[in-house]
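Remember, predicted model here, so these are calculated numbers, not experimental data. Just so we're on the same page: letters track the sequence lines, and every chain starts at 1. Heavy atoms only: backbone and side chains are in, while hydrogens, waters and symmetry mates are out.
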Amino acid sequence: MSQKSSTPSNSPSTPSEETPHRYAAAFACTLELAWQQRWEQDDLYRTHNPGDAGFDASKPKFYCLDMFPYPSGAGLHVGHPEGYTATDILCRYKRMQGCNVLHPMGWDAFGLPAEQYAIQTGVHPRETTRNAIATFKRQLQRFGFSYDWNREFATIEPEYYHWTQWIWLQCYHAYYDASVQRARPIAELEAKFVSQDVLMDVDGSATQVRWSAASPLQRQQHLDRYRLAYLGTQTVNWCPKLGTVLANEEVINGRSERGGFPVMRKPLRQWMFRITAYADRLLEDLALVQWPESTRAMQSEWIGRSEGAEIRFDVLRGASVEGDALSVFTTRSDTLFGATFMVIAPEHPLVAHMLEHPHAETDVAAVRLYIEAAKNRSDIDRQSTSKKKTGVFTGAYARNPATGASIPIWVADYVLMGYGTGAIMAVPAHDERDFEFAKDFGLAIVQVVEIAGLPFDGTHAVSGEGVAINSASALCTLNGLTTSAAQDAMTCALAARKVGAKRVQYKLRDWLFSRQRYWGEPFPVVFDADGLHHPVGEAHLPVLLPALADFHPVESDQPVPPLGKARAWVETTAHAAGVAGLPPETAVRRETNTMPNWAGSCWYYLRYCDPKNNTRFVSSEAERYWMTSRRADGSMHSGGVDLYIGGAEHAVLHLLYARFWHKVLFDLGHVSTPEPFGRLFHQGLIQSHAYQRPDGSLVAVDLVCEVDGKTVERENGAPVTQIIAKMSKTLKNVVNPDDVIADYGADTFRLYEMYMGPLEAAKPWNTRDIIGVHRFLQRAWRLAIDEKSGALLVAATEDAAMERLLHRTIERVGEHIERLGFNSAIACMIELVNAATRPMDLADPTQGGLTRSQLERFTQLLAPFAPHIAEEIWSRLGHATSVHSCVWPVFDAAMLEEHEVEVPVQVRGKVRARIMVPKTATAPETEAIALAHPSVCEALAGVTPKKIIVVAGRMVNIVV
RNA sequence: GCCGGUGUGGCGGAAUUGGCAGACGCAGCGGACUCAAAAUCCGCCGCCCUCUAAAGGCUUGCAGGUUCAAUUCCUGUCACCGGCACCA
C-alpha cells in the first residue's frame, strides 16, 4: 500500500524546470536502473573461488549469508530487505576493506506452502514456484544488492537435490558410535555383527538370535535401530487436512504450524533421523558459536537435557511379581521413599496388557472408557483442559523398591507417553502435579524432604532441595543427607540391586522426515517384494521427481502419498533404479514419501561455496576456504559462515536441523568445521500501525480517520487508539516495497530501513519518516552537483575544520558498520553533510562545500549504504571504475587530536561551568583552571571543597 | 509458572570503560525566499515554574542501594514483547 497520498505534506521535492538535475524519485530510479544494468554487464560482484583465475589468496575471506527466502506468490514484503540490506552494507564495506566476500542468494522452493498455493490456484507447483522466484528475483535485484548471482540456485533443481539425496544416503549408511561420540559407516557395525555372529544391542546386551541365523528382514530391522536415517514405526502427527504427517516441531498446540489444521496421533512407519544421538553435542557446541543468547536458550530448552535416574518398580499380582518391571524416569531419586503411587500414560503398553489380564480390583470398563476418551481427545483438548486432573485406578499395584510398600498404579493423561518412559513415580508431598492428583483421589502423602523456610503443612506440595527425612529402610538410609548426596546414595543402592541407574533424559525426539506430499525431494530408496528397503546407488542420483499432472493430496484417515499415482515411476526394477545387490530384473517399488521443506535449507550454505560442482556436493577446497576461519590469535573456532542473518522464527527448527546435518557431514569427513554458522544475528520484525477499540479488538487502518486530532472509526465515530501491530492483510497495513521504491528510489528505501533503529529491534514502519533520509540523499547530491546546471561542485580550498570532521566521520562510520550499528553510521554521515551544506552559497555554483578529495572520500563512505547515488557521483567525479571497487578511506588519528578540549565542571553534582583546557593539561592544571572560573566560585560561595575529582580531559567534579 | 529480552522527549531513536542525557531523523513552531504555495535555506524545539528573560527545579518504567558521579553496576518491583509450558 502506498501511503504517499495520505501524507502529501511531506512528499519529496520534484525537479522543476529550474532544477532539472535535482535528486528526486524519478531521477533516482533512472540512475539506479542504469547502474544495476552496468554492474550486471561488468559482473562486478562475481566472487572467485580458490583455483579460479582472478582469485587473490592474500586477502582474508568473509562469508556473509542471508537466510534464503521461500518465494511466495505475494512477493517480497518489507521484512525481507531489512536483513538483506544489512548484509549488503557489510559485504560492500568488507570488499572495500580488502576481503574476498562470499555473498550469495538462492531459493528455498520445495515444500508445503508452494504446494498449498498450487492446490488453491490449480496451477502446477512447478509453475507457481517458477513465477514466484522470478518475482522475488526481480524485486531483490531492484534494491541493488551485491549478490554474486552466478552462484544462484533453487532447492528444487535436480542438480541441487541430487546432493540433498546424497547427504540423506550418507546418513542412511551411517550410525552413531556412542563410544567415540561420532558417526561411522554402518558397514563397520555390520561387519562387527557378522564377525561376532550375534545381534548386539546398543547397551551391549546380546540377544539370543545369531546373525547368521537371522532372516534378512531381522537383520535389516536390527540395523535400522542404528542407522542415522532409519525406517521406524512411530506415533506421528497425522494431519488429515494436509494429507501428511508433520514433525513435532511443526505442530503447535495440536494444530499444524502451516494452516492451523487439527493433528491426530497415529502410529506409522516412516523415515526418521536419529538426531537424538547428537543431543549432547548439539547442546555442548552451543558454547562454540557466537549466537544470540535467546536463540541458544531456545535450542538448549528444545533439547531439554535432564539428569536423573531410571527406577524399576516390580508390578505385583497378589503377592507375586508379574512380568516386566514398570520403569520410570525421575530427577528426584532422593524422594523415592515418598512415592506413594504411580501414574502411567493412557498409551502405555502396560494399560493394554492389564485390560487383557485384569487384576482383581481392575474396573475394566472404567479403564477402557478412560483410555478411549484420552485417545479421542485431540492434543488441543488435552493441553487446553483446565488444570483439573483426571485419571482412573488400574487395579494393579507396584512395589516401591525403597519402602517395600505396595502402591497403586493409576492411569492419567497428565503423564505423557512421549517423554521418559511414559510412567512416573508420584511423590505428592514434593510435586505440585502429584499433590493435586493425590488430593483429588484421596491418595497417601508422605513428606520425605525438609526444605529450609518451606514447612510442609499438607495444603500444597513443597518442592526444592533440602534434607531427607522419613527415608530409611533395608535398601538404604538417606535421613540427614542433602538432596544431591541423597540422590547419589539412592542411585548407588538401586544400582547395586539392579533396579535402577543414573540416566540422562532429553525432550528432543528423533526427527520425522517423511511427508505424504508431492512437492519435495524423493527419497533415493526402493522396497522389494519382502518389504526390505534398498538404497539407490550414488551414481544413479538424482532420483528425479516425476512430473505429475494431478498432484493433489488425498484427504483421508490413512496416508496416501500422491507419488503413488506415478505408477510407471514407482514400479521399477533394481537395475533401472540403480540398486546394487539385487538381481537386475528384481521388481521394486520406489519410496513414495518425499522429504520435508527443511531438507533443502539444511545444507544450502555449503552449496554456495561451489554451486556448479557436478561431481561433489561441494569441493573440499572450496569448503575449507569459505567455511574455516581463525581467531585473531590464530586458533580455530567453531568456523562456519562468518555472519548469518535471518529471522528469529528459525531459532529452533532450521538452525537445529542444519547443525545436525552439518555434524554428521563433519563426522564422516565431508566438512571441516563442527558448526555451520559461527556467528548468527536476527534482524527485528518490522511492524506497522493499527487501531484498537476500547475492548481490545483491532481495526484496519482504512476504517479509521482523524477528527479534531483524535482517531475514530470512520463508520460510527467511536474513538480508537493507535497501536503497533504486525503487518497483515486483514489490518490493511502491509507496505509493498515496490511502491516505496517508486516513490523514493531504492537507495532511500535501503537507508530508511537501516535508519529506523537497531537492526535487532522490532520497530514500526512509519511512512512519514522516509522523507528524512531522502532529504539527506538530496543534500548529499546537492553537495556535489548543481541542481540547475548539473555541473560538478568542488571547493577550491580545503576547510581545516571540515577535513577534521571528515576524518572523524570515516572513523565513526567504520566503527558503526563493524558493530552493525547502521542507524548510527547514517546519523554520522548526515551530520557531515549538514555541516558541509550550511556554509554553501548556492549563488556561486562553482564553489562546493567539499573539495574533490573530500567529496571522493565521502562518496566512498556512502557507497555501501546507497550504492547507486554514490556510484553516480563517483562517475561524475570522473572515475571510470566503480566506487564499489575502491579501498575504504583511511582516517588519520592525528587529525582527530584536538588541541583544546571542553571540560564540564560539576559542583554538588551539577554542571556549573564548562572550561577550555589544553588537551595535554594535567589534573592539577585542570583543577586550577576550574577553581578560577567565576561560575564555579559563585557556586562554591566561599566554601572549601572537601574533595575534587579530576578526570583529565573528561571532567571535574567538586564535592563540598 | 519458567526462560530470554526491552522500558530514554509528541514519535523513531543516540550515548566507547560508570564521566556534560536527549546525537540524528520525523512531527511542531518562527523566519528568509515567493504574487502565492510547494520545495529549499536559516533558527527554535525534554518537562515544570515564570509576563518574558535570567535564575531555579525535575527528568532515562517505579522504589531503594553502591559511587565524587548511574541510562550504564547491584537488590527489589511493575509493564510490555518473544519463547516454552502437566517434560516427572
Side-chain angles (χ1 to χ4, degrees), chain A residues 8-16 18-19 22 24 253 292-298 300-302 304 306 308 328-332 335 343 382-383 385 387 389 412-416 418-427 431-434 436-437 505-507 648-649 651-652 682 684-685 687 722 724 752 755-758 760-773 775-776 778-779 782 787 812 815 819 821 823-824 826-831 834 837-838 840 842 902-906 908-911 914 945-951 953-960:
Chain A
S9 60
N10 63 3
S11 59
S13 66
T14 48
S16 64
E18 243 185 63
T19 57
R22 170 161 292 179
N253 289 330
E293 194 48 49
S294 58
T295 303
R296 288 203 297 215
M298 281 164 73
S300 155
E301 277 167 26
W302 188 264
S306 124
V328 302
F329 173 73
T330 177
T331 53
R332 291 300 298 267
T335 63
V343 186
R382 221 157 129 172
Q383 284 173 27
T385 343
K387 299 271 154 32
K389 290 190 172 28
D413 67 3
Y414 84 89
V415 172
L416 310 173
Y419 182 76
T421 61
I424 61 158
M425 64 178 213
V427 185
D431 182 284
E432 203 55 58
R433 297 154 301 183
D434 298 344
E436 200 187 313
F437 195 81
Q505 184 65 42
Y506 303 90
K507 276 199 246 179
E649 67 273 19
V652 176
H682 298 307
L685 197 66
Q687 300 160 315
Q722 192 184 55
I724 290 169
Y752 172 63
Y755 193 61
M756 287 172 79
E760 68 275 21
K763 38 207 177 278
W765 180 277
N766 231 328
T767 299
R768 200 175 64 182
D769 292 344
I770 302 173
I771 192 70
V773 285
R775 282 184 191 139
F776 159 62
Q778 278 188 329
R779 275 200 293 273
R782 208 154 38 225
E787 292 185 331
R812 289 161 74 194
E815 281 173 3
R819 283 187 283 150
N823 52 337
S824 299
I826 295 167
C828 292
M829 291 191 287
I830 294 175
E831 280 184 72
N834 287 349
T837 301
R838 284 195 185 103
M840 188 168 74
L842 288 172
E902 190 188 74
V903 172
V905 182
Q906 297 183 347
R908 288 190 194 86
K910 297 275 173 215
V911 178
R914 292 167 208 283
K946 273 193 198 141
K947 191 175 177 185
I948 300 175
I949 292 106
V950 181
V951 182
R954 277 285 198 178
M955 67 172 314
V956 178
N957 193 0
I958 300 171
V959 186
V960 288

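- Residue A:Ile771 places its side chain closer to B:rA27 than to any other of B:rC86, B:rC3, B:rA27.
- Taking atom CH2 on A:Trp302 and atom P on B:rG83, their separation rounds to 13 Å, with Å as the unit.
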Sugar-phosphate or base contact per nucleotide [nucleotides 7-13 of chain B; S, B, -; heavy atom under 4.0 Å]: -----BS

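- When the C1' atom is compared between B:rA63 and B:rA70, the two are found 15 Å apart, to the nearest whole Å.
- Residue A:Glu831 places its side chain closer to B:rA23 than to any other of B:rA88, B:rC68, B:rA23.
- Protein atom CD of A:Glu432 is 11 Å distant from nucleotide atom C1' of B:rG1, rounded to whole Å.
- Ring geometry for A:Tyr414 versus A:Phe437: interplanar angle of 30 to 60°, hence tilted.
- Contact between the side-chain N/O atoms of A:Arg775 and the OP1/OP2 oxygens of B:rA27 is found at a separation under 4.0 Å.
- Residues A:Val959 and A:Ile949 form a side-chain contact, since some pair of their non-hydrogen atoms from C-beta on lies under 4.5 Å apart.
- The shortest side-chain heavy-atom distance between A:Tyr752 and A:Asn766 falls under the 4.5 Å cut-off.
- Separation of the P atoms belonging to B:rG10 and B:rU67 is 34 Å when rounded to the nearest angstrom.
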Strand RNA chain B as a dot-bracket string - pairs counted if Watson-Crick or G-U with both distances under 3.5 Å, | where the partner lies in another strand: (((((((..(((......[....))).(((((.......))))).(((.......)))..(((((..]....))))))))))))....

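- Using a 4.5 Å cut-off on side-chain heavy atoms (C-beta onward), A:Met425 and A:Thr335 make contact.
- Using a 4.5 Å cut-off on side-chain heavy atoms (C-beta onward), A:Arg22 and A:Arg782 make contact.
- B:rU17 atom P lies 18 Å from atom CE of A:Met955, rounded to whole Å.
- For B:rA88, neither phosphate oxygen OP1 nor OP2 lies less than 4.0 angstrom from any side-chain nitrogen or oxygen of A:Gln505.
- Distance, A:Asn957 CG to B:rU67 P: 15 Å, rounded to whole Å.
- No salt bridge links A:Arg812 with A:Glu815; every basic N to acidic carboxylate O contact stays at or beyond 4.0 Å.
- Side chains of A:Ile958 and A:Val905 form a contact here, defined as non-hydrogen atoms less than 4.5 Å apart.
- At a cut-off of 3.5 Å, with distance as the only test, no side-chain donor of A:Trp302 or A:Ser300 sits close to an acceptor on the other residue.
- Annotation: salt bridge (Lys or Arg N to Asp or Glu O under 4.0 Å) contacts of A:Arg779 (sequence neighbours excluded): none.
- Counting heavy atoms from C-beta on, the side chains of A:Asn834 and A:Phe776 never come closer than 4.5 Å.
- Regarding A:Arg782, its CZ atom lies at a distance of 7 Å from the P atom of B:rU40, rounded to whole Å.
- With a 4.5 Å cut-off on side-chain heavy atoms, A:Tyr419 and A:Lys507 count as touching.
- Only the C1' atoms considered, B:rG64 is 29 Å distant from B:rU16, to the nearest whole Å.
- For A:Thr837, whose side chain is taken as the heavy atoms from C-beta onward, the closest listed nucleotide among B:rA88, B:rG25, B:rC41 is B:rC41.
- Between B:rU72 and B:rG31, the distance separating the two P atoms is 42 Å to the nearest Å.
- For A:Thr331, whose side chain is taken as the heavy atoms from C-beta onward, the closest listed nucleotide among B:rU40, B:rG83, B:rA88 is B:rA88.
- Comparing B:rG19, B:rC41, B:rC84 by their nearest atom to the side chain of A:Arg779 picks out B:rC41.
- Between B:rA88, B:rG19, B:rG5, one nucleotide has an atom nearer to the side chain of A:Glu293 than all others, and that is B:rG5.
- Taking the P atoms as reference points, B:rA38 lies 12 Å from B:rG30, given to the whole Å.
- Within 4.0 Å (heavy atoms only), A:Ser306 reaches sugar-phosphate atoms of the nucleic acid but no base atom.
- A:Ile830 comes within 4.0 angstrom of sugar-phosphate atoms only, judged by non-hydrogen atoms across all strands, and of no base.
- Between the CZ atom of A:Arg812 and the C1' atom of B:rA14 there is a distance of 10 Å, rounded to whole Å.
- Note: CZ (A:Phe776) to P (B:rC26) measures 12 Å, nearest angstrom.
- Rounded to a whole angstrom, the distance from the P atom of B:rA54 to that of B:rU50 is 15 Å.
- Taking only side-chain atoms of A:Asn834, from C-beta outward, the nucleotide of B:rC24, B:rA88, B:rG19 with the closest atom is B:rC24.
- With a glycosidic angle no more than 90° from 0, B:rG9 adopts the syn conformation.
- B:rG22 and B:rG46: their P atoms are spaced 10 Å apart (whole Å).
- Rounded to whole angstrom, the span from the CE atom of A:Met829 across to the C1' atom of B:rG25 amounts to 13 Å.
- Nearest-nucleotide assignment on RNA chain B puts the 5′-proximal partner with A:Arg819, out of A:Arg819 and A:Gly420.
- Taking 4.5 Å as the limit, some side-chain heavy atom of A:Val903 sits within range of a side-chain heavy atom of A:Val956.
- Of all nucleotides listed (B:rC86, B:rC3, B:rC68), B:rC3 comes nearest to the side chain of A:Glu301.
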